[in-house]
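Okay, so here's the structure we're looking at.
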Amino acid sequence: MKSSNFLKENNARSLWHPMAHPADSQKNPPTIVTGASGVRITDVDGHDVVDGVGGLWNVNLGFSCDPIKKAIADQLERLPYYSIFRGTTNDCVIELSEELRTFFEPDGLTRAFYTSGGSDSVETALRLARQYHKIKGEPGRTKYLSLKKGYHGTHFGGASVNGNANFRTAYEPLMAGCFHIPAPYTYRNPFNETDPERLAQLCLQAMEDEIAFQGAGTIAAMIMEPILGAGGVIPPHPSFMPGVRDICTRHGILLIADEVITAFGRSGSWTGSRHWGVQPDLMSTAKAITNGYFPFGALMIAEHVAQVFEKDETGKAAIGHGYTYSGHPVGAAAALACLEETKRLKVNENAAARGAELFGGLQALAEKYDVIGDVRGGHGLMCALELVSDRTTKSSIDKPRISKVQEVTYEAGAMVRVSGPNIILSPPLVLTSDDVQVILTALDKGFASL
Ligand SMILES: Cc1ncc(COP(=O)(O)O)c(C=O)c1O
């Protein structure tokens with residue numbers, strides 16, 4: 001490794017960071033992470049802290065998962081790359097597909113289409129949804145519905161269905177034919193409704209209204225996260241996703257569950273869709289599929305959707321889509337080892353138990369600090385604190401104040417993520433109760449510093 005002086009002098013000098021202003025990264029250089037072990041990360045100055053971010057919602061099994069590391073190393077030795085475009089495949093990807101088929105059987109998903117990450121999986125879902133309707137003789141179904149506050153990655157398709165202006169405005173015009181429904185976000189919503197069940201019904205009515213306005217026969221798919229993640233961890237009322245499923249079914253609209261963060265246990269259930277008792281038509285996955293150790297993803301496809309493609313005799317089902325790294329053998333080997341460890345460790349159960357402790361601790365912090373306007377969580381290891389400068393008016397907090405909370409929390413032993421007015425927590429699912437306390441104590445110090 002280069003000396004710490006070299007790293008600090010050149011930090012953010014010759015690279016631009018995603019989701020950051022280049023000048024800001026130069027003025028406030030990012031933390032240089034140089035090592036990690038278990039659920040802890042170490043920086044260039046020797047700070048050793050609990051990672052409350054879990055990499056980026058992806059390192060579910062922590063940083064020391066040897067079976068995945070070994071699978072990657074062994075696969076690099078055996079077959080470091082080969083394409084699975086028409087005519088060739090590899091052994092790992094065949095085996096992985098059978099494992100995923102078993103894992104996702106309760107969700108009704110029986111085929112996989114491999115990608116290099118979450119944005120790719122979303123893009124693949126949006127494309128295959130249109131193609132599905134074309135095969136079925138409804139080429140006019142091209143539009144998409146999605147939720148405001150939803151996050152679906154940053155490809156043009158995903159950005160077009162994204163529900164947050166931060167990821168849209170600079171890149172407009174986006175794709176035509178994308179329409180947004182109010183999110184079931186009790187803290188702020190256009191109906192001024194704080195009751196989660198009533199709000200869910202109002203959002204469902206808004207969805208029905210939009211479908212009537214657009215014409216059901218023009219809509220290909222509705223895409224949603226079972227629990228909105230990057231938009232600030234917004235768990236809907238349990239009636240919401242089943243309600244969306246019902247509306248989609250009645251109108252012949254495909255339901256895409258974007259489970260890039262919720263698949264593989266984060267919500268306390270193996271998938272977010274299963275958490276709400278819903279079977280989607282398509283499910284985008286990535287991130288924890290390899291524990292973040294290799295860029296990889298899979299779009300999972302329902303049996304009935306697969307049948308439409310596989311029974312086609314016109315040629316319309318030929319898939320003109322795919323990535324050089326679709327089904328990468330090293331990624332597939334990583335995913336196989338990761339899936340085995342994920343199931344063996346029953347990380348969904350630990351996510352539920354530790355998630356309840358974390359959520360309870362955050363609610364206690366909200367009683368202590370007025371700057372915490374809303375606490376969201378209660379479904380596994382995904383929680384958020386929304387900060388405000390005034391609880392009555394819910395007016396936004398200054399950026400330097402929220403940065404100060406983050407900095408002091410870090411100094412006190414926990415890495416947390418700031419996104420807009422939210423502090424987001426998405427730690428590894430192998431967290432212990434002691435680790436939960438480290439995060440809560442560090443946050444307490446962070447808020448006390450204001
Ligand atoms: C729900 C959801 N969809 C899509 C994405 C995009 O994934 P990636 O960053 O791997 O492209 C993310 C990333 O956080 C996500 O949370």
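Indexing begins at 1, ligand by ligand and atom by atom, following the structure's order. Basis for what follows: all heavy atoms, side chains included, without hydrogens, waters or symmetry-related copies.
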### Spatial distance of atom OG (S326) from atom CZ (F113) [nearest 0.5 Å]
5.0 Å
### Query
Under the criterion side-chain contact (heavy atoms from CB on, under 4.5 Å), which of V93, I94, T88 is the partner of N90?
V93
### Message
Within 45 degrees of the ring normal and closer than 6.0 Å to the centroid, is that where the cationic atom of K394 sits relative to Y187?
### Response
yes
### Task
Would you confirm whether T186, through its side chain, and T194, through its main-chain N or O, come within 3.5 Å as a donor-acceptor pair?
no
### Message
Any non-hydrogen side-chain atom of P236 less than 4.5 Å from a side-chain atom of M241?
### Response
no
Where does ligand 1 get N/O contacts under 3.5 Å from the protein, atom by atom?
{"unit_1": "ligand 1", "atom_1": "3 (N)", "unit_2": "D258", "atom_2": "OD1", "d": "3.2"}
{"unit_1": "ligand 1", "atom_1": "3 (N)", "unit_2": "D258", "atom_2": "OD2", "d": "2.7"}
{"unit_1": "ligand 1", "atom_1": "7 (O)", "unit_2": "S119", "atom_2": "N", "d": "3.4"}
{"unit_1": "ligand 1", "atom_1": "10 (O)", "unit_2": "G118", "atom_2": "N", "d": "2.9"}
{"unit_1": "ligand 1", "atom_1": "11 (O)", "unit_2": "S119", "atom_2": "N", "d": "2.7"}
{"unit_1": "ligand 1", "atom_1": "11 (O)", "unit_2": "S119", "atom_2": "OG", "d": "2.6"}
{"unit_1": "ligand 1", "atom_1": "14 (O)", "unit_2": "K287", "atom_2": "NZ", "d": "3.1"}

## Note on the structure
Checking R86, Q131, R127 against I319 for side-chain contact (heavy atoms from CB on, under 4.5 Å), the one that qualifies is Q131
